[in-house]
2 protein chains.
Amino acid sequence: MPAIKDVARRAGVSVATVSRVLNDHPSVRADTRERVLAAVADLGYRPNAVARSLRTDQTRTLGLVISDVLNPFFTELARSVEDAARELDYSVVIGNADERPDLQDHHVRTLMDRRIDGLLVSPTDGGSPMMLAAARAGTPMVFVDRWIEDEGLDRVPVIRTDGRGAIRALVAHLCALGHRRVAIIAGPAATTTGRERVDAFRSALREFGLELHEDHIGQGTSRPPAAAG
Amino acid sequence: MPAIKDVARRAGVSVATVSRVLNDHPSVRADTRERVLAAVADLGYRPNAVARSLRTDQTRTLGLVISDVLNPFFTELARSVEDAARELDYSVVIGNADERPDLQDHHVRTLMDRRIDGLLVSPTDGGSPMMLAAARAGTPMVFVDRWIEDEGLDRVPVIRTDGRGAIRALVAHLCALGHRRVAIIAGPAATTTGRERVDAFRSALREFGLELHEDHIGQGTSRPPAAAG
DNA sequence: TTGTATGCGTTATCAC
DNA sequence: GTGATAACGCATACAA
């Protein structure tokens with residue numbers, strides 16, 4: 001794999017000049033630029049992102065730690081995040097915590113070792129030591145879908161859906177339709193989203209004067225049955 | 001974020017010594033090791049993987065380019081790959097090609113720029129220029145689930161299921177049950193797996209003397225309906 | 001056993 | 001406009 005010095009040699013210029021055309025710095029004569037570009041082309045040269053990151057102190061990489069890859073919601077989320085990131089010339093590295101705090105920390109640690117520029121996390125219930133420490137230490141971080149309310153975490157932005165509003169709207173709709181016995185199957189209770197929904201459900205029933213049966217509150221997983229590739 | 005020199009200073013040793021205990025090199029006195037470890041601990045030092053990669057020329061990272069993240073098969077695959085890799089202290093970076101050759105190449109390029117140690121690819125139909133070039137150039141690569149038969153690619157290992165055998169077994173089973181009109185819904189025709197299955201289906205029908213209706217060969221997607229997070 | 005010095009591939013600062 | 005060269009954080013060959 002050719003390095004910048006190979007390109008320089010072939011183009012008959014210094015590595016500095018090659019670097020300049022690569023980062024399209026203004027001060028480089030048109031014809032030298034051409035020569036460099038030609039050398040790049042026929043050497044099939046590609047800048048070493050590792051070296052570049054070491055030097056510039058940025059990796060153009062985002063970490064995304066999700067709680068469950070097998071949940072289609074998160075797989076769609078991952079896809080959207082990657083789409084948006086790619087648009088800005090960022091890569092995203094996904095870590096699957098599988099609802100396990102220790103695994104979540106493993107990924108946070110690995111990603112930080114790799115010096116990612118920022119971290120998106122849909123935290124497992126209660127968070128995990130390393131991830132909380134990173135957040136408090138000011139690591140660029142955003143919570144997605146789920147969140148954690150704890151000291152020192154108020155500066156971590158949260159991107160999420162309005163579960164409470166959604167549940168209320170659903171109950172309102174069913175109520176307007178004349179239904180009086182409504183039930184809910186929410187996600188795992190060990191998630192902020194799951195709890196929020198059940199809680200909102202109780203509130204909504206109360207608000208609309210519907211009777212609440214405790215056994216009308218169910219809990220499910222968010223995973224689909226398996227498929228074939 | 002502390003660097004190795006900070007640890008060295010704090011432990012009163014040289015960076016070389018710190019590096020040695022970090023990579024548990026044998027020749028380092030027990031008590032100095034302790035001192036270094038202590039310094040590491042209370043500085044919360046973590047080796048910079050970027051710098052380490054540049055120096056050692058290995059990233060302990062695998063690239064996994066799949067054709068469709070929204071297909072649960074690939075999401076399970078990704079999960080398994082990551083599990084196995086983690087066991088060996090490797091990370092895996094996933095790229096979603098979304099069945100688009102250009103996107104596939106984008107990911108191959110990005111991953112190679114990042115100097116990943118190896119590439120797992122479930123190629124889109126017909127492959128893509130950069131990915132084929134990489135394979136021919138000897139980039140450590142293995143095909144998963146799907147594959148490509150082309151010149152210079154015979155040294156790329158393929159990990160896949162025995163779709164042909166599976167279809168034959170299915171038809172045999174149905175036939176033994178006395179069924180005479182069997183149909184198939186295979187995956188996208190633009191995949192090796194999809195074509196293999198339809199092909200095997202035809203063969204099996206012939207073998208078992210069943211009549212083949214062309215309109216009994218359907219084609220579907222492998223995506224589940226959406227779910228909530 | 002430990003320290004000094006070099007180099008990995010870049011970018012950026014300084015000369016010219 | 002272009003070229004030496006230092007520095008990024010680390011691992012290692014060589015000296016001591």
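Throughout, protein chains are lettered first and strands after them, A, B, ... in sequence-line order, and every chain is numbered starting at 1. If you're wondering where the values come from, they're calculated on a predicted model, not measured in any experiment.
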Exercise for the section: State whether a side-chain donor-acceptor pair under 3.5 Å links A:S91 with A:R86. Expected result: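 Side chains of A:S91 and A:R86: no pair found under 3.5 Å.
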Handout entry: Any residue of residues 41-48 of chain B with a heavy atom less than 4.0 Å from an atom of DNA chain D
Key =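 By residue number: B:Y45, B:P47, B:N48.
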[X], [atom1]: over 12 other non-hydrogen atoms inside 6.0 angstrom:
X	atom1	result
A:I185	CD1	no
A:D199	CG	yes
A:D102	CG	yes

Exercise for the section: Give B:D57 one of three labels, base, sugar-phosphate or nothing, depending on what nucleic acid heavy atoms sit under 4.0 Å from its own. Expected result: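 Contact class for B:D57: none.
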Practice task
Mind checking A:T56 for me? I need base, sugar-phosphate or nothing, with any heavy atom below 4.0 Å counting as a touch.
Solution key: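 Counting heavy atoms under 4.0 Å across all strands, the contact made by A:T56 is with sugar-phosphate only.
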Within the sub-3.5 Å range, which N or O atoms of nucleotides 2-6 of chain C have a protein N or O partner, and how far apart are they?
residue: C:dT2; atom: OP1; partner: B:T32; partner atom: OG1; Å: 3.3
residue: C:dT2; atom: OP2; partner: B:R29; partner atom: N; Å: 2.8
residue: C:dT2; atom: OP2; partner: B:T32; partner atom: OG1; Å: 3.0
residue: C:dG3; atom: OP2; partner: B:S14; partner atom: N; Å: 2.9
residue: C:dG3; atom: OP2; partner: B:S14; partner atom: OG; Å: 3.0
residue: C:dG3; atom: OP2; partner: B:T17; partner atom: OG1; Å: 2.5
residue: C:dG3; atom: N7; partner: B:R20; partner atom: NH2; Å: 3.3
residue: C:dG3; atom: O6; partner: B:R20; partner atom: NH2; Å: 2.4

Grab the [atom1]-[atom2] distance between [X] and [N] for me, whole Å please.
X	N	atom1	atom2	value
A:M1	C:dG9	CE	P	12 Å
A:I4	C:dC8	CD1	P	14 Å
A:L22	C:dA12	CG	P	12 Å

Quick check against the 3.5 Å criterion: does [X] have a side-chain atom that pairs as donor or acceptor with the backbone of [Y]?
X	Y	result
A:T139	A:A135	no
B:T193	B:T191	no
A:R115	A:M112	yes

Problem - Minimum-distance pair of heavy atoms, taken over all atoms of A:P123 and A:M131 - result: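 Closest pair (atom of A:P123, atom of A:M131, distance): CB-CE, 4.0 Å.
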Practice task
Indicate the atoms forming the closest heavy-atom contact of B:A97 with B:L103, along with that distance.
Solution key: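 B:A97 and B:L103 have their closest heavy atoms at O-CB, 3.4 Å.
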Handout entry: Close side-chain approach of B:V144 to B:V81, heavy-atom, < 4.5 Å
Key =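 Result no, sub-4.5 Å side-chain heavy-atom pair not found.
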Handout entry: Residue of the set B:R35, B:R29, B:R33 for which salt bridge (Lys or Arg N to Asp or Glu O under 4.0 Å) holds with B:D31
Key =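 Only match with B:D31 under salt bridge (Lys or Arg N to Asp or Glu O under 4.0 Å): B:R29.
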Handout entry: Contact interval (first through last nucleotide) of DNA chain D with protein chain A, 4.0 Å heavy-atom
Key =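 From 5' to 3', the first and last contacting nucleotides are D:dG1 to D:dG9.
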